[in-house]
**Q** 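Attaching a single structure in structure tokens format; questions to follow.
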Amino acid sequence: LAKTTQPISMDSYEGQEVNITCSHNNIATNDYITWYQQFPSQGPRFIIQGYKTKVTNEVASLFIPADRKSSTLSLPRVSLSDTAVYYCLVGGPNSGYSTLTFGKGTMLLVSP
Amino acid sequence: NAGVTQTPKFQVLKTGQSMTLQCAQDMNHNSMYWYRQDPGMGLRLIYYSASEGTTDKGEVPNGYNVSRLNKREFSLRLESAAPSQTSVYFCASSEGMGLNTEAFFGQGTRLTVV
């Protein structure tokens, strides 16, 4: 079961790029890396998923090095509305119960 | 395009009362989940249903029961509410099993037990 480690909190200012790194040393061959975002008073929202190299969508980019033991969620030019908790999850078809659980996530606070 | 709908959004119960939290999804998803979120505790899985007709316990099932009424609906019942069950409850669904298959969450039910 891949375990993830990410910073508890991060601070940034509007307009900056924010990179949140997640460590997952025991990632399995079939595991994907998935990030969720949770705004205050709302349910989590899927934002991006990747297996290797780089994935980009309209919200974020996900960088995964060749060894896949870590990944970095990149938020370009953050705004106040990006203040949220970001969860990194690792799992795949054979991960079973671990794919149903959230860690504590990273609380990102964006200030003016 | 409602996604995952939870009712009610807010509820206040007295200790010992019972209630059912309703959840419905319109995405034809196979799997559904109930989580609770307490301050500083993150989201904890209460029960899940991998497919219609099946339910399984999660991390914190004590004091709760669930029913997968059909493919669309997954309800959570508190038989005798306790103050420790004061929390925000989230229902979620996904096509496959697990959060790595893009789960969709409802807006939550804020429950206070006094």
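So that the names make sense, note that chain A is the first sequence line, chain B the second, and so on, each numbered from 1. Keep in mind it's a predicted model, so treat the numbers as computed, not measured.
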**Q** Considering non-hydrogen atoms only, spot the tightest contact between A/Q49 and B/N100 and give its length.
**A**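 In this case the closest contact between A/Q49 and B/N100 is NE2-O, 2.5 Å.
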
**Q** Identify which of B/F104, B/Y48, B/Y33 forms the greatest number of heavy-atom pairs closer than 4.5 Å to chain A.
**A**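 The candidate making the most pairs under 4.5 Å is B/Y48.
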
**Q** Say whether, by atom type as modelled, one donor and one acceptor occur between the side chain of A/Y36 and the main chain of B/A103 under 3.5 angstrom.
**A**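 Yes, A/Y36 side chain to B/A103 backbone: donor-acceptor pair under 3.5 Å.
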
**Q** Heavy-atom distance under 4.5 Å between the side chains of B/L45 and A/F102, does that happen here?
**A**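 When only atoms from C-beta onward are counted, A/F102 and B/L45 do not touch, as no gap falls below 4.5 Å.
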
**Q** Can you tell me how far CD of A/Q38 sits from CZ of B/F90, rounded to the nearest 0.5 angstrom?
**A**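 Interatomic distance, B/F90 CZ to A/Q38 CD, rounded to 0.5 Å: 5.0 Å.
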
**Q** Pick one of side chain, backbone, both or neither for B/R110, based on which atoms fall under 4.5 Å of a heavy atom in chain A.
**A**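 Side chain of B/R110 only, per the 4.5 Å heavy-atom cut-off to chain A.
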
**Q** Hey, are the side chains of A/L100 and B/M97 touching, using non-hydrogen atoms and a 4.5 Å cut-off?
**A**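 Yes - at least one pair of side-chain heavy atoms lies under 4.5 Å apart.
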
**Q** Under the side-chain contact (heavy atoms from CB on, under 4.5 Å) rule, what do A/T101 and B/R44 come out as? Steps first, then yes or no, please.
**A** CA-CA 7 Å; A/T101 58; B/R44 293 183 291 171; over 6 Å; no

**Q** Under 4.5 Å from any heavy atom of chain A, what part of B/Q37 do you find: side chain, backbone, both or neither?
**A**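 For B/Q37, the side chain is the part near chain A, not the backbone.
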
**Q** Is it true that B/F105 and A/F46 have ring centroids separated by less than 6.0 Å?
**A**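 Ring-ring flag for B/F105/A/F46: false, centres at least 6.0 Å apart.
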
**Q** Do A/S41 and B/Q107 come within less than 4.5 Å of each other through their side chains, counting heavy atoms only?
**A**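 A side-chain contact under 4.5 Å is absent here.
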
**Q** Where do A/L89 and B/L99 come nearest, in terms of heavy atoms and distance?
**A**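 Taking A/L89 first and B/L99 second, the nearest heavy atoms are CD2-CD1, 3.2 Å.
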
